[in-house]
Amino acid sequence: MNRGLFSVLNERQKFANFLRFCSKSLLLDQGMQVHGALVKMGFGFDLMLSNDLIVMYGKCGRLGVACDVFDRMLERNVVSWTALMCGHIQNGNPLESLLLFSKMALSGVKPNDFTFSTNLKACGLLNGLYIGRQVHDTCVKTGFDTVNVVGNSIIDMYSKCGRINEAASMFEVLPVRNLISWNAMIAGYTVAGFCKKALVLFRKMQEGEEFLDEFTFTSTLKACSDLGAIKEGNQIHAFLITGGFLYSVNTAIACALIDLYVKCGELFMARRVFSHIEEKHVISWTALILGYAQEGNLEESMDLFRQLRESSIQVDGFILSSMMGVFADFALVQQGKQMHAFAIKVPFGVDISKLKKEAGCSWVEIAKEIHFFYGGDDMHPLTEKIHEILKEMERRMKEELGYVYRVKYALHDVEEESKMENLRVHSEKLAIGLALVCGGLEEERKVIRVFKNLRVCGDCHEFIKGLSKILKIAFVVRDANRFHRFEDGLCSCGDYW
DNA sequence: CACCTGGTGC
């Protein structure tokens, strides 16, 4: 090879490397300068360099220029097509990516594993189960479904299309599972609401040889948050600290942690994590601000929102509309307080959600296990003891506080004498009963934490107020709308919810 | 050469 040709090839490789660096670091200006230089030097029609240009322009948000480069090419290979498809997806147009896929097929260029995973991503983004299945089918026929990256994309495609079972069976048959396969499956379970399954998978992952990364933790923390599994979440928090995963600099982990503590009614811990973040993302602000609002602490919520507005952080439409909701609630509460006299006559607090089709369900975490209860549920092996302790609590409350049931909250289609029984077996009460029987008190916090899928019933609300008084412990009840923190006979919601 | 995975809420 003569020196001249060698230096030309060397030059070409230097351009390519620099372009890839520009793509990675989103350096549009520098990328454009390289583009100009290589056109001048006669590299304008070079296949590899043109591909790199498409990638660079796509990543930097200049899809029009990427398309121009693509259109002017004398020949295009699978990389050119795939790079442009990715560009469309990255710029928010997955449909165009799918159209390109069919154009590519017509042009006679054969797709590879990268093309398939890109297309599966587009299907997932579009919620396109039908076309996703077709792509999956083609992958099977061409043998690409056994390629790890493609398999991962199939898992993600099915879970994005709401087909968690199909995602799971893909995960099962994957010949090689890597970190991303596990992460995709855990995220899939979490998004689909199968948080317990997500946690089971996470534990399996910990037991195995697999590494864990920030994606694993964010998804798993989200699962803990949705479940209210604070013990498990705490362990992950501790693991993050000992494992050197600094959430002070990792936005996603910090947000997930704040969300966990907020959803468990631990605003103090949420605030602590928040204060440790170096660059506070608008999402972490949102989580904390709404957390305070949902706990009934409107003052702190408003104050934080004011701080956010005074900071240099750009607020988004999401937090603005959320704050509208907070202001609306605040106004309602103010009105509600003025209307207190009426509230006694008006069936205030009648639980409209008990009329809904959805069955009331409560749960509580005891020794890292989540126990679920439905209203009138006697499936739990400790049911008898639960009833005993609840009766005991009623007796003490009557004696010490003169508490009697407000029977009006009971279901209406039952015999009068059995209304007391109905009230006793509301799911939130059963969950609390179990916590009392099993010592579900979180010793370090002196709190019992219960979750309910519907609004907490007015009678149970009174009952828990009483419990917090006579037992001298706090209760945190997260219902469908908000938090109730009961302490010393009072609730943070001020009885308006 | 490129491709896959994550966070706030209603």
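Residue numbering restarts at 1 for every chain, and letters A, B, ... go by the order of the sequence lines.
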Quick one: label [X] by what it contacts on the DNA or RNA (base, sugar-phosphate, nothing), any heavy atom closer than 4.0 Å.
X        : result
A:Asp156 : sugar-phosphate
A:Asn112 : base
A:Lys263 : sugar-phosphate
A:Lys160 : sugar-phosphate
A:Asn77  : base

Run the ring pair (Phe, Tyr, Trp, His ring centres under 6.0 Å) test against A:Phe217 and tell me which residues pass, sequence neighbours left out.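 Scan of A:Phe217 (ring pair (Phe, Tyr, Trp, His ring centres under 6.0 Å), adjacent residues dropped) gives A:Phe239, A:Phe245.
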What residues in [range] put a non-hydrogen atom under 4.0 Å from any atom of DNA chain B?
range                       : value
residues 81-97 of chain A   : A:Cys86, A:Gln90
residues 166-199 of chain A : A:Ile180, A:Asn183, A:Ala187
residues 114-127 of chain A : A:Phe114, A:Ser117, A:Thr118, A:Lys121

For [X], enumerate each residue passing the side-chain contact (heavy atoms from CB on, under 4.5 Å) test, keeping only those at least two apart in sequence or located in another chain.
X        : answer
A:Leu125 : A:Ile89, A:Pro94, A:Lys121
A:Ala168 : A:Met185, A:Tyr189
A:Asp145 : A:Cys139, A:Val140, A:Ile154

Going by the rule salt bridge (charged side-chain N to carboxylate O under 4.0 Å, His left out), which residues pair with A:Arg133 if we only count those two or more places apart in sequence or in a different chain? A:Glu166
Residue set satisfying salt bridge (charged side-chain N to carboxylate O under 4.0 Å, His left out) with A:Asp303, at least two apart, ordered chain then number -> A:Arg306
Taking A:Glu295 first and then A:Arg478, would you say they form a salt bridge - that is, a charged N and a carboxylate O separated by under 4.0 Å? no
Thinking salt bridges, do A:Arg272 and A:Glu266 make one under a 4.0 Å N-O criterion?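 No salt bridge links A:Arg272 with A:Glu266.
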Please list, one pair per line, the donor and acceptor atoms closer than 3.5 Å that link side chains of residues 98-106 of chain A to other protein atoms, with sequence neighbours excluded.
unit_1, atom_1, unit_2, atom_2, d
A:Ser102, OG, A:Leu98, O, 3.4
A:Ser102, OG, A:Leu99, O, 2.9

Give me the first and last nucleotide of DNA chain B, going 5' to 3', that has any atom under 4.0 Å from a heavy atom of chain A.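 Listing 5' to 3', DNA chain B meets chain A from B:dC1 to B:dC10.
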Show your reasoning for whether salt bridge (Lys or Arg N to Asp or Glu O under 4.0 Å) applies to A:Glu365 and A:Arg449. CA-CA 8 Å; A:Glu365 182 190 18; A:Arg449 202 180 306 274; over 6 Å; no
Mark yes or no: A:Arg177 above the aromatic ring of A:Phe171, with NZ or CZ under 6.0 Å from the six-membered ring centre and no more than 45 degrees from the axis.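 Pair A:Arg177/A:Phe171 counts as cation-pi.
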Could you label the plane-to-plane angle of the A:Phe451 and A:Trp363 rings as parallel, tilted or perpendicular, counting under 30° as parallel and over 60° as perpendicular?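 Geometry flag for A:Trp363 against A:Phe451: parallel rings.
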Run through DNA chain B and report every stem of 3 or more consecutive Watson-Crick or G-U pairs, distances under 3.5 Å, ordered by first number. none
Would you mind telling me which of A:His484, A:Lys452, A:Gln294 makes a side chain to side chain donor-acceptor pair (under 3.5 Å) with A:Asp479? A:His484
Determine whether the aromatic ring centres of residues A:Phe305 and A:Trp285 are separated by less than 6.0 angstrom.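 Between A:Phe305 and A:Trp285, which both carry aromatic rings, the centre distance is not below 6.0 Å.
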Mind checking whether A:Phe70 and A:Trp81 have ring centres under 6.0 Å apart?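 Yes, the ring of A:Phe70 comes within the 6.0 Å limit of the ring of A:Trp81, centre to centre.
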